[in-house]
Amino acid sequence: QNDFTRSYAATALLETSPEEALAVAQRIERGMSHGLQVLAAAERLERDAELEQLALLRAKARASDPPEQRVVVLARLGGRLLDLGQSDAADSVLTEAQALATKLPDEGWPAYARSVLGETLCRVDVEAGSRLIEATKETFEISRHRGNVAMLLAAEDPAAAEQFLDKNAGGRSGWPPRRFAGRVAYAMAPVDLQRARAIAERYDPSGHADGMIAEALLDAGGSHDEARASLERAFEKLESIDPKEEVRQRRTAAAASLLPVAARLDPVGVDRAGAHARDPVPSSRRPSRRRVRLPRLARRRLLARLAHR
């Protein structure tokens with residue numbers, strides 16, 4: 001219980017005082033919680049200070065148990081080292097984690113740990129990372145990790161990211177491409193705009209991904225004309241949604257996501273997005289009360305209460 005309290009405290013301190021967050025994180029005893037909280041706090045330090053903490057964390061991670069939790073910490077550590085351009089150190093950490101992961105079971109929590117490593121490993125060796133992910137018996141989870149890889153690779157290897165996203169198309173995946181399209185498009189747009197737009201067209205009929213493309217172009221200092229074009233495409237999709245379609249349930253959320261980028265590009269667009277964000281279901285399309293049926297058990301309980309009044 002003390003570790004949970006310390007984890008919450010460290011998280012709460014991250015933005016205001018990363019040094020204090022780090023001090024609290026270092027007192028956490030459970031290996032994985034300790035490692036992930038130290039990583040989060042160290043990321044907010046100056047570069048040299050962060051690298052020092054990462055080196056200390058690697059030494060401590062070797063002693064953490066069980067092995068599947070050690071794999072998760074090493075995977076996140078390797079990913080952060082890649083972010084910092086420390087490719088040799090990252091390769092060493094990921095090789096160590098891979099040797100552990102291949103000995104883990106391919107189902108349950110150990111399979112999740114293998115797949116977490118697979119996600120990071122895909123940044124340096126797509127085939128090796130994919131093997132870890134695809135080998136799990138938890139088939140529902142495979143599509144989730146493919147989508148995570150697509151987000152990780154979107155800015156580094158757009159073509160590979162698109163391939164991972166495409167693997168989730170079709171079938172009854174619990175993690176279809178539309179769940180990742182906005183984040184993938186955002187990361188990809190500054191480096192491969194046409195591919196990002198193609199993904200938005202293929203997998204996101206709500207307009208959210210197109211809005212994320214516009215936001216990414218503005219954040220990266222890109223063309224305002226291209227950003228306006230993507231925002232306009234987002235509005236076209238939003239305004240063409242058939243209320244009868246299932247995607248109608250996400251129209252309000254998609255409209256709300258366009259408000260920040262519309263405010264930066266087009267004041268008129270704020271009104272367009274706002275109109276959809278607060279647009280209620282038309283009364284003519286609201287479900288009739290006569291057609292609403294309670295679950296059987298709830299219905300029985302309600303009838304029993306009425307009978308005893």
Side-chain angles (χ1 to χ4, degrees), residues 1-61 64 69-70 72-86 89-90 93 112-113 116 119-120 123 144 147-156 179-180 182-190 208-209 211-222 227 253-254 256-265 270 273 277:
Q1 186 173 0
N2 286 339
D3 276 352
F4 282 115
T5 303
R6 289 173 183 139
S7 292
Y8 286 125
T11 300
L13 290 166
L14 281 177
E15 299 302 328
T16 57
S17 182
E19 292 83 4
E20 289 186 69
L22 179 62
V24 174
Q26 288 171 336
R27 295 182 60 195
I28 296 173
E29 296 176 1
R30 293 175 66 245
M32 189 175 74
S33 296
H34 169 89
L36 297 182
Q37 289 292 348
V38 167
L39 279 169
E43 186 175 345
R44 289 159 173 79
L45 303 178
E46 295 294 331
R47 179 184 173 87
D48 289 345
E50 180 181 6
L51 289 173
E52 180 183 354
Q53 291 301 322
L54 297 187
L56 293 172
L57 178 59
R58 182 181 182 185
K60 185 159 186 174
S64 64
Q69 295 190 10
R70 194 185 324 160
V72 171
V73 173
L74 291 174
R76 300 302 190 206
L77 173 59
R80 184 57 188 159
L81 287 168
L82 288 173
D83 294 341
L84 294 170
Q86 303 293 301
V93 168
Y112 167 78
V116 168
E119 292 174 12
T120 302
R123 297 178 63 182
R144 169 189 179 183
N148 289 343
V149 172
M151 291 190 293
L152 285 171
L153 296 182
E156 300 174 4
R179 295 187 66 164
F180 303 95
R183 286 168 287 179
V184 169
Y186 177 89
M188 187 183 293
H208 168 69
M212 293 302 95
I213 290 172
E215 184 110 32
L217 292 173
L218 292 178
D219 289 346
S257 74
L258 300 181
L259 286 168
V261 67
R264 295 170 68 180
L265 273 175
V270 175

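Fair warning: this is a prediction, and the values are worked out from it, not measured in the lab.
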* Supply the atom-to-atom distance Glu46 CD to Leu51 CG, rounded to the nearest 0.5 angstrom. => 11.5 Å
* For Tyr112 and Arg144, what are the C-alpha separation, side-chain angles and deciding distance, and is it a side-chain contact (heavy atoms from CB on, under 4.5 Å)? -> CA-CA 10 Å; Tyr112 167 78; Arg144 169 189 179 183; 4.0 Å; yes
* To do: List in chain and number order the residues that pass salt bridge (Lys or Arg N to Asp or Glu O under 4.0 Å) with Arg70, two or more places apart in sequence or in another chain; answer none if no residue qualifies.
  => Asp65
* Just by distance, with hydrogens left out, do Ser64 and Gln69 show a side-chain donor and acceptor under 3.5 Å apart? -> no
* To do: Would you name the heavy atoms of Ala89 and Arg58 that are closest together and state the gap between them?
  => O-NH1, 4.4 Å
* Residue pair Met151 / Tyr186, side-chain heavy-atom distance below 4.5 Å -> no
* Structure fact -> Taken to the nearest 0.5 Å, the spacing of Leu45 CG from Leu22 CG works out to 6.0 Å
* Quick one: closest heavy-atom pair of Leu39 and Val73, and the distance? => CD1-O, 4.3 Å
* To do: For Glu215, check salt bridge (Lys or Arg N to Asp or Glu O under 4.0 Å) against everything at least two apart and list the hits.
  => Arg264
* Thr16 and Pro18: which non-hydrogen atoms are nearest, and at how many Å? -> C-CD, 4.0 Å
* Asked: At their closest point, which heavy atom of Val261 faces which heavy atom of Gly211, and how far apart are they?
  -> CG1-O, 4.1 Å
* To do: Kindly state each residue pair satisfying salt bridge (Lys or Arg N to Asp or Glu O under 4.0 Å) with at least one member in residues 16-33, sequence neighbours excluded.
  => none
* Asked: Looking only at atom types and distance, does a side-chain atom of Arg6 sit under 3.5 Å from a main-chain N or O of Ala25, one as donor and one as acceptor?
  -> no
* Counterpart residues, salt bridge (Lys or Arg N to Asp or Glu O under 4.0 Å), relative to Glu15 (two or more places apart) -> Arg44
* List the steps, then state whether side-chain contact (heavy atoms from CB on, under 4.5 Å) holds for Leu82 with Glu156. => CA-CA 11 Å; Leu82 288 173; Glu156 300 174 4; over 6 Å; no
* Asked: Does Arg80 have any side-chain hydrogen bond (donor to acceptor under 3.5 Å, both in side chains) partners at least two apart in sequence or in another chain, and if so, which?
  -> Glu50
* Pair Leu258-His208, side-chain contact (heavy atoms from CB on, under 4.5 Å): steps then yes or no -> CA-CA 7 Å; Leu258 300 181; His208 168 69; 5.9 Å; no
* Asked: Does some side-chain heavy atom of Leu54 sit less than 4.5 Å from a side-chain heavy atom of Leu84?
  -> yes
* Out of curiosity, Asp83 CG to Thr120 OG1, how far, rounded to the nearest 0.5 Å? -> 9.0 Å
* **Nearest heavy-atom neighbours spanning Ala214 and Leu265** => CB-CD1, 4.5 Å
* Is any side-chain heavy atom of Ile28 less than 4.5 Å from a side-chain heavy atom of Ser7? -> yes
* Minimum heavy-atom distance between Ala189 and Ile213, given as atom pair plus value -> CB-CG2, 3.9 Å
* Structure fact -> Across all chains, not counting sequence neighbours, the salt bridge (Lys or Arg N to Asp or Glu O under 4.0 Å) partners of Glu52 are none
* **Interatomic spacing from CG in Leu74 to CE in Met32 - rounded to 0.5 Å** => 12.5 Å
* Report yes or no: do Gln26 and Gln53 form a side-chain donor-acceptor pair below 3.5 Å? => yes
